[in-house]
Amino acid sequence: MFTGIIQALGTIQKLDNRGKDIRLTVSSKHLDMSDVALGDSIATNGVCLTVTDFGDDYYCADVSTETIKLTGFKHYRAGSTVNLEKAMRPTDRFGGHIVSGHVDGVGEVSQIIKHTDYVEIWVKAPDAIAKYIAHKGSITVDGVSLTVNEVNGAEFMLWIIPHTLKETVLGTYKVGTEVNLEVDVIARYLERLMLGNKAAEPTKKGIDMAFLAENGFLKK
């Protein structure tokens with residue numbers, strides 16, 4: 001589990017093709033690796049990755065085809081800068097919100113408006129996750145825990161202060177930049193809870209006679 005408080009910036013050094021998967025090597029002079037062990041988790045731009053090798057200033061992780069397909073990793077190259085956060089310990093300060101490191105979708109920066117003391121960033125989220133994004137709710141963008149300041153359909157707006165712009169990849173965003181999004185896990189649990197006893201029923205797939213009847217395509 002993570003909190004969305006970025007601990008350091010890293011640089012992708014290598015992306016080694018291993019058939020369908022990729023071996024990723026990330027270097028960082030500012031991430032404390034002294035307490036890292038094989039099998040530990042490090043969120044890399046919001047994606048929870050398992051450490052398979054490491055040194056004083058780098059770590060390696062295997063990225064599956066599914067992860068590449070569903071996240072911004074398909075656009076990353078050697079030299080790309082990424083946000084880094086080690087998995088939290090029970091004794092750590094909880095500075096952000098509950099972050100699992102499982103990306104729900106890839107959004108796109110649609111507007112960037114510079115103000116005197118902050119930058120206003122609008123992001124277009126996939127329609128499928130728009131229902132989980134709420135005004136003043138929490139959302140994770142490339143691993144950063146942020147507060148949603150405004151919502152308009154599937155688009156949402158963030159106010160980013162200079163410190164966050166300097167210490168994370170958000171300072172490199174341009175209109176069209178694709179970003180990893182993870183919605184607040186509480187919203188997902190609440191949706192499931194509201195199903196009540198229906199949650200135990202198998203999910204219907206495709207179109208059947210009951211679906212047609214319920215939606216007015218069959219006369220009763």
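Cluster annotation: I5 and L9 are assigned to distinct hydrophobic clusters (Ile/Leu/Val/Met/Phe/Trp/Tyr, side-chain heavy-atom contacts under 4.5 Å, transitive).
For the side chain to side chain donor-acceptor pair (under 3.5 Å) test, no residue two or more places apart in sequence or in another chain qualifies with T172. Residues that satisfy the ring-ring contact (aromatic ring centres under 6.0 Å, His included) test with H115, not counting sequence neighbours, are Y118.
Of the listed residues (H97, E182, H102), just one forms a side chain to side chain donor-acceptor pair (under 3.5 Å) with T140, and that residue is H97. With L31 as the fixed residue, the side chain to side chain contact (heavy atoms under 4.5 Å, CB included) test singles out one of V26, I42, V36: I42.
Applying the salt bridge (Lys or Arg N to Asp or Glu O under 4.0 Å) test to pairs two or more places apart or on separate chains, those with a residue in residues 58-84 are R23-D62. Sequence neighbours left out, the pairs with a member in residues 24-49 that pass salt bridge (Lys or Arg N to Asp or Glu O under 4.0 Å) are D35-K86, D35-R89. Here salt bridge (Lys or Arg N to Asp or Glu O under 4.0 Å) pairs that include residues 119-131, with residues two or more places apart or in two chains, are K124-D127, K131-E191. Residue pairs meeting the side chain to side chain donor-acceptor pair (under 3.5 Å) criterion with at least one member in residues 103-112, sequence neighbours excluded: D104-R188, S110-E155.
The nearest pair of heavy atoms linking F2 to S100 is CE1-O, 3.8 Å. Of all heavy-atom pairs spanning A8 and S28, the tightest one is CB-OG, 3.8 Å. When all heavy atoms are compared, the tightest approach of A61 to L49 is CB-CB, 3.8 Å. For L158 against L146, the heavy-atom pair with the smallest separation is CD1-CD1, 3.7 Å. Closest approach of M88 to T3, counting heavy atoms only: SD-CG2, 3.5 Å. Considering every non-hydrogen atom in both A78 and L15, the closest pair reads N-CD1, 3.6 Å.
With D142 contributing its side chain and N180 its backbone, the two residues share a donor-acceptor pair below 3.5 Å. No side-chain donor-acceptor contact under 3.5 Å links S27 to the backbone of D57. Checking side-chain atoms of N17 against main-chain N and O of I22 turns up no donor-acceptor pair under 3.5 Å.
Note that the CZ atom of F54 and the CE atom of M33 stand 6.5 Å from one another [nearest 0.5 Å]. For the atom pair CG (L195) and CG (L190), the distance works out to 10.0 Å, reported to the nearest 0.5 Å. Between the OH atom in Y76 and the CD1 atom in I68 there is a gap of 11.5 Å [rounded to 0.5 Å]. Annotation: the span from I139 atom CD1 to F156 atom CZ amounts to 3.5 Å, rounded to 0.5 Å.
By the 4.5 Å heavy-atom criterion applied to side chains, F73 and N45 are not counted as neighbours. Looking at heavy atoms from C-beta onward, V179 lies out of side-chain contact with V106 at the 4.5 angstrom threshold.
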Requested in this report: Could you check L84 against Y59 for side-chain contact (heavy atoms from CB on, under 4.5 Å), going step by step and ending with a plain yes or no?
Outcome: CA-CA 11 Å; L84 303 178; Y59 67 92; 3.2 Å; yes
